[in-house]
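One structure is given below, encoded as structure tokens.
Atoms considered below: every heavy atom in the structure, side chains included; atoms not considered: hydrogens, waters and symmetry mates.
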Amino acid sequence: MDSLTMVPPRLVDATPPIVFLPSNLSAPPNWSSSLHPKTLAEVNQKKAESLLPACIFLASLAVFGLIGNSLVCYVFGARLRPGTQNSLIVCLAVFDLLSCALGIPNEIADMRFYFTYSSEAACKIMSSSSSSSSSSSSSIVLVTVVLVLVAVVIVAAVAAAAAVVVVVVVVVVVVVVVVG
């Protein structure tokens, strides 16, 4: 087996390592262990505390997104009669629902365990599901916008052709009346 293809398994230590100052630096006179964390767990906790407002905001977005998109799926999927526009809205709501249910909790966990996210598999699965639901929703919107633009161009071309036909008919009528 080629040595380049072998990847050693990732070792996750239950106790985070202790981080010390380099030997050539001295601690400032007002050094306090509560202000300057020494372990990775302490650094992670300080980072999580600094990201707490963002986590709260994302959690509120997830709650409102789950409620709102569930209502949209119910109303447009079950209560209104089927149609192309309703199917589009339901598809967008489903992908947004997946993003709220999978993507936002993953981002909150990533912010909480900024330096010590321990499960590599969970990180990969949640990140890929989050990005796929977001890209699917974006693709649907992009295709819809392109289709609307194509329809506008077609309508404009038909209107221009109709205007040309009207002008030709008017010219023919004027020529027939004047000459005839």
Side-chain angles (χ1 to χ4, degrees), residues 2 4-5 7 10 44 47-180:
D2 189 6
L4 295 176
T5 59
V7 178
R10 181 175 169 205
N44 192 59
K47 185 69 171 180
E49 289 170 3
S50 71
L51 293 173
L52 185 62
C55 290
I56 292 171
F57 179 70
L58 283 176
S60 65
L61 284 180
V63 168
F64 288 121
L66 287 170
I67 294 169
N69 287 305
S70 298
L71 286 172
V72 167
C73 287
Y74 173 71
V75 169
F76 283 88
R79 302 294 292 170
L80 297 177
R81 67 187 168 98
T84 307
Q85 68 277 7
N86 291 350
S87 299
L88 173 72
I89 291 172
V90 169
C91 284
L92 288 172
V94 165
F95 285 122
D96 199 25
L97 196 62
L98 286 173
S99 182
C100 290
L102 299 174
I104 293 178
N106 182 48
E107 289 301 319
I108 291 172
D110 191 33
M111 285 194 277
R112 172 58 185 98
F113 303 106
Y114 196 81
F115 298 110
T116 59
Y117 202 94
S118 60
S119 175
E120 186 176 345
C123 181
K124 287 180 179 179
I125 291 170
M126 295 301 281
S127 295
S128 66
S129 66
S130 172
S131 63
S132 66
S133 68
S134 297
S135 63
S136 299
S137 181
S138 300
S139 298
I140 289 174
V141 170
L142 181 65
V143 167
T144 304
V145 167
V146 168
L147 290 176
V148 167
L149 289 175
V150 167
V152 166
V153 167
I154 290 172
V155 168
V158 168
V164 168
V165 169
V166 168
V167 168
V168 168
V169 168
V170 168
V171 169
V172 168
V173 168
V174 167
V175 168
V176 168
V177 169
V178 170
V179 175

Item to check | Full working for side chain to side chain contact (heavy atoms under 4.5 Å, CB included) between N44 and R112 | outcome: CA-CA 8 Å; N44 192 59; R112 172 58 185 98; 3.7 Å; yes
Checklist outcome for this item: The residue among V176, V169, V175, V174 that forms side chain to side chain contact (heavy atoms under 4.5 Å, CB included) with V172 is V176
Checklist entry - How close do C100 and P105 get, heavy atom to heavy atom, and via which atoms? => result O-CD, 3.3 Å
Next on the checklist: Go through it in stages, so that I can follow the logic: the residues are L149 and V153, the test is side chain to side chain contact (heavy atoms under 4.5 Å, CB included), and I'd like the CA-CA distance, side-chain angles, deciding distance and then a yes or no.
Outcome noted: CA-CA 6 Å; L149 289 175; V153 167; 5.6 Å; no
Checklist outcome for this item: Taken to the nearest 0.5 Å, the spacing of L51 CG from E107 CD works out to 11.0 Å
Checklist entry - Which is it for L97 and L66 under the side chain to side chain contact (heavy atoms under 4.5 Å, CB included) test, yes or no, and what are the steps along the way? => result CA-CA 6 Å; L97 196 62; L66 287 170; 3.8 Å; yes
Checklist entry - If you measure from CG on L61 to CD1 on I104, what distance do you get to the nearest 0.5 Å? => result 5.5 Å
Checklist entry - Roughly how far, to the nearest 0.5 Å, is CG of N69 from CZ of F64? => result 13.0 Å
Checklist entry - What is the minimum heavy-atom distance between A93 and V72, and which atoms define it? => result CB-CG1, 3.6 Å
Checklist outcome for this item: Looking only at heavy atoms, the pair that brings M111 and L58 closest together is CE-CD1, 3.0 Å
Item to check | Side chain N106, main chain L102, donor-acceptor under 3.5 Å | outcome: no
Item to check | Smallest separation among heavy atoms of I140 and C91, with atom names | outcome: CD1-CB, 4.0 Å
Item to check | Side-chain (S99) to main-chain (F95) donor-acceptor, under 3.5 angstrom | outcome: no
Next on the checklist: Restricting to non-hydrogen atoms, name the atom on I108 and the atom on C55 that form the minimum distance, rounded to 0.1 Å.
Outcome noted: CD1-O, 3.9 Å
